[in-house]
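Input: a single structure, listed below in structure tokens.
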Protein chains: 2
Amino acid sequence: MALPLFAGVSPRTLRELFVGAFLQRFPGGTTLLLEGDPVDFLYVLLEGMVELQGAWKHRETTLAVLQPVSTFNLAAVVLDSHALATARTIERSEILMLPGEALRRTMKADAEFGFAVTEELAATLNGVVRSTKNQKLRGGAERLANYLLAQCQRQGGVDKICLPYEKRLLSSLLGMTPETLSRAFVTLSRFGVEVKGPEVTVSRSPAFERFARPTSLIDNHLAFPPRLTGKVEREQGPQPLPAAPRLERNG
Amino acid sequence: MALPLFAGVSPRTLRELFVGAFLQRFPGGTTLLLEGDPVDFLYVLLEGMVELQGAWKHRETTLAVLQPVSTFNLAAVVLDSHALATARTIERSEILMLPGEALRRTMKADAEFGFAVTEELAATLNGVVRSTKNQKLRGGAERLANYLLAQCQRQGGVDKICLPYEKRLLSSLLGMTPETLSRAFVTLSRFGVEVKGPEVTVSRSPAFERFARPTSLIDNHLAFPPRLTGKVEREQGPQPLPAAPRLERNG
DNA sequence: CGCCTGGTTGAGGTGCGTCAACATGGGTGG
DNA sequence: CCACCCATGTTGACGCACCTCAACCAGGCG
């Protein structure tokens, strides 16, 4: 299995984890879990796509669209708590369901495995923090532009991509209405972005890069420079508010 | 120490963790860590307040305001990675700094401790997801209303509270400008909210509750119903989009 | 064909940001 | 003590981004 979660796990531990597990196929449009439901399983998406969505007062929004291989509900499983989002398949999907109780027990017994789970959780937290910054710091067209750049990267560094799901869903993920998304595409056409149905071609002109300004501090697909002993280069121009002096750490 | 992270840790493990640790006081306005910095320590806020903020293209926003006892940077420590947010004291603060390397080593050696760290991380993820839903699903005045309700709860169930920090900072946390926050207070005055400097009195009228509509799926201060074997009551009226049929889980 | 869903386009309203003016209060220095 | 300054907060005028509602179009399918 490609999932790093189970990479270094002993066969014995693995067998223990799989007692009471399901491997199941769901058709598209299936609601796996509602907001507020108690969570008894860790879900691992092996094939297909899953949307996580939240709702409040007749409004709803897409929190994430998962593609294989991803886990979801991990935090709720660890805390033996309730789901904060509704999970819905958006196409025929294959999903592995691991009993939460067994997962927690195994984590407490096998520190190595426990650490792997913690890494998975930390990576998810990382992603959600990035998403929050994306949402609060960028405007609609800027979010779309960076989404397109991320897709270009994910689909192999090409400049012509195919949107992996409906624009309606994309608009919700990007935090806008379908109409606004449509107009955001028009806005980006000024930078050489062309749309024909689900196909989008992105000309990576300097003007477009300057508009999107992707950064490793928001966009997951940009790798950080490797961690060495030395300092890391600072990005993006002059510091806006250097008011407070940096302090040296010493006892 | 009140921090549940260290609640069940053996003295031996604890001593190991504290090798190379600092306990340090910082004045207000001190930048502890910049976005993108490599992270070598887990920070534990013992006294004072810390703001986590993100910036992009000359814009900046507050991601969280921490009060004792809280950890930050935990995800970056686990992943041995870089900070996604700038951390700044907003008043004189006492902060415990634990070496990340030691923390990771201890997690891999002591599964019980590792699980406690994972719980802390899961709770943080929980909070950030809630914050994202708050941001995407609610308007400015609604966010303020629910913030006030949360403060009422935190300050002991009273209806007259004192804002714990400047309105300028609050506005950034709530994702708006200071001017807009000021107007949001005016909007809420229609529901009996009165502001005099940092003091706010909240009359919990039915109209106000209906406007704010706090929910355990977004607002951290509302506890979930206890987890029993039975089903949990569903909240908030008719389901908006019951299009897809709920599926029974069975092999 | 006719229907339905998803996408686009237009008109109009609203929430929120921007800019500016002004009030207030704490802190400093004369 | 007061004069002054500066940071914070408030208020008003205005513009832009985005939402809402509606009409319209295209493709898929019975």
Side-chain angles (χ1 to χ4, degrees), chain A residues 28-29 51 55-62 65 90-91 134-145 147 162-190 193-200 211 240-241 243-244, chain B residues 27-29 51 55-62 65 88 90-91 134-145 147 162-190 193-200 211 240-241 243-244:
Chain A
E51 173 193 13
W56 182 76
K57 253 193 189 185
H58 296 183
R59 274 167 259 179
E60 63 176 64
T61 191
T62 301
V65 177
I90 55 186
E91 59 178 42
N134 191 41
Q135 184 67 28
K136 287 181 79 171
L137 290 168
R138 306 215 256 228
E142 291 165 334
R143 291 196 293 274
L144 173 58
Y147 174 87
C162 183
L163 298 177
Y165 36 82
E166 291 172 354
K167 294 204 184 87
R168 162 182 296 277
L169 180 58
L170 176 58
S171 71
S172 177
L173 178 65
L174 294 178
M176 50 181 130
T177 61
E179 297 93 321
T180 302
L181 174 63
S182 196
R183 290 174 178 121
F185 271 121
V186 175
T187 301
L188 294 189
S189 70
R190 173 168 147 27
V193 172
E194 287 170 32
V195 187
K196 202 176 310 173
E199 320 245 295
V200 182
F211 177 78
L241 288 188
Chain B
E51 173 194 12
W56 182 75
K57 255 194 187 182
H58 295 183
R59 275 166 260 179
E60 63 176 63
T61 192
T62 301
V65 177
R88 216 179 122 263
I90 56 187
E91 61 179 38
N134 191 41
Q135 183 67 31
K136 289 181 79 171
L137 290 168
R138 306 217 257 227
E142 290 165 333
R143 290 195 294 273
L144 173 58
Y147 174 87
C162 184
L163 298 176
Y165 35 82
E166 292 170 352
K167 295 205 185 88
R168 163 181 297 278
L169 181 58
L170 176 58
S171 71
S172 177
L173 178 65
L174 294 179
M176 52 181 125
T177 61
E179 296 94 321
T180 302
L181 174 62
S182 196
R183 289 175 180 122
F185 271 120
V186 175
T187 301
L188 294 190
S189 70
R190 174 167 147 28
V193 172
E194 286 170 32
V195 188
K196 202 177 308 170
E199 320 246 294
V200 182
F211 177 78
L241 288 186

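Lettering of chains follows the sequences in order, A, B, ..., and the numbering in each one begins at 1. Computed from heavy atoms alone, side chains included, the values below leave out hydrogens, waters and symmetry copies.
- Within 4.0 Å (heavy atoms only), A:G139 reaches sugar-phosphate atoms of the nucleic acid but no base atom.
- In this model, the phosphate group of D:dG9 is not approached by any side-chain N or O of B:S182 to a distance below 4.0 Å at OP1 or OP2.
- The residue B:G197 sits apart from the nucleic acid: no heavy atom pair falls under 4.0 Å.
- The CG atom of A:L169 sits 17 Å away from the P atom of C:dT5 (whole-angstrom rounding).
- For B:K136 and D:dC19, the NZ to C1' distance is 15 Å, given to the nearest whole Å.
- A:S182 places no side-chain N or O within donor-acceptor distance of the main-chain N or O of A:E179, the cut-off being under 3.5 Å.
- Taking atom OH of residue B:Y165 and atom P of nucleotide D:dG9, one finds them 12 Å apart after rounding to whole Å.
- Proximity of A:T177 to the phosphate of D:dC19: a side-chain N or O atom is located under 4.0 Å from OP1 or OP2.
- Comparing D:dT20, C:dG7, C:dT18 by their closest approach to the side chain of B:R183 singles out C:dT18.
- Between B:W56 and A:F211 the shortest heavy-atom distance is CH2-O, 4.3 Å.
- Taking only side-chain atoms of A:K167, from C-beta outward, the nucleotide of C:dG7, D:dC19, C:dG17 with the closest atom is C:dG7.
- Straight-line distance from the CG atom of B:L163 to the C1' atom of D:dT8: 13 Å, rounded to whole Å.
- We find that NE2 of A:H58 is positioned 18 Å from C1' of D:dC19, with the value rounded to whole Å.
- Among C:dG17, C:dT8, D:dC18, the nucleotide with an atom closest to any side-chain atom of B:M176 is C:dG17.
- Side chain of A:K167 to main chain of A:G197: a donor-acceptor pair is present (N/O by atom type, distance under 3.5 Å, no hydrogens or angles).
- Per the geometry, NZ belonging to B:K196 stands 16 Å off C1' belonging to C:dG25, to the nearest Å.
- Counting to the nearest Å, the P atom of C:dG15 and the CZ atom of B:R138 are 17 Å from each other.
- Closest to the B:E179 side chain, of the nucleotides C:dC19, D:dT20, D:dC19, is C:dC19.
- The CZ atom of A:F185 sits 6.0 Å away from the CG atom of A:L170 when rounded to the nearest 0.5 Å.
- Comparing A:A141 and B:P178 along DNA chain D, the residue whose closest nucleotide (by nearest heavy atom) sits nearer the 5' end is B:P178.
- Separating the CD1 atom of A:I90 from the P atom of C:dG6 is a distance of 13 Å, rounded to the nearest angstrom.
- More than 12 heavy atoms of other residues, nucleotides or ligands lie within 6.0 Å of CD in B:E199, so this atom counts as buried by the packing criterion.
- OP1 or OP2 of D:dC19 lies within a sub-4.0 Å distance of a side-chain N or O belonging to A:T180.
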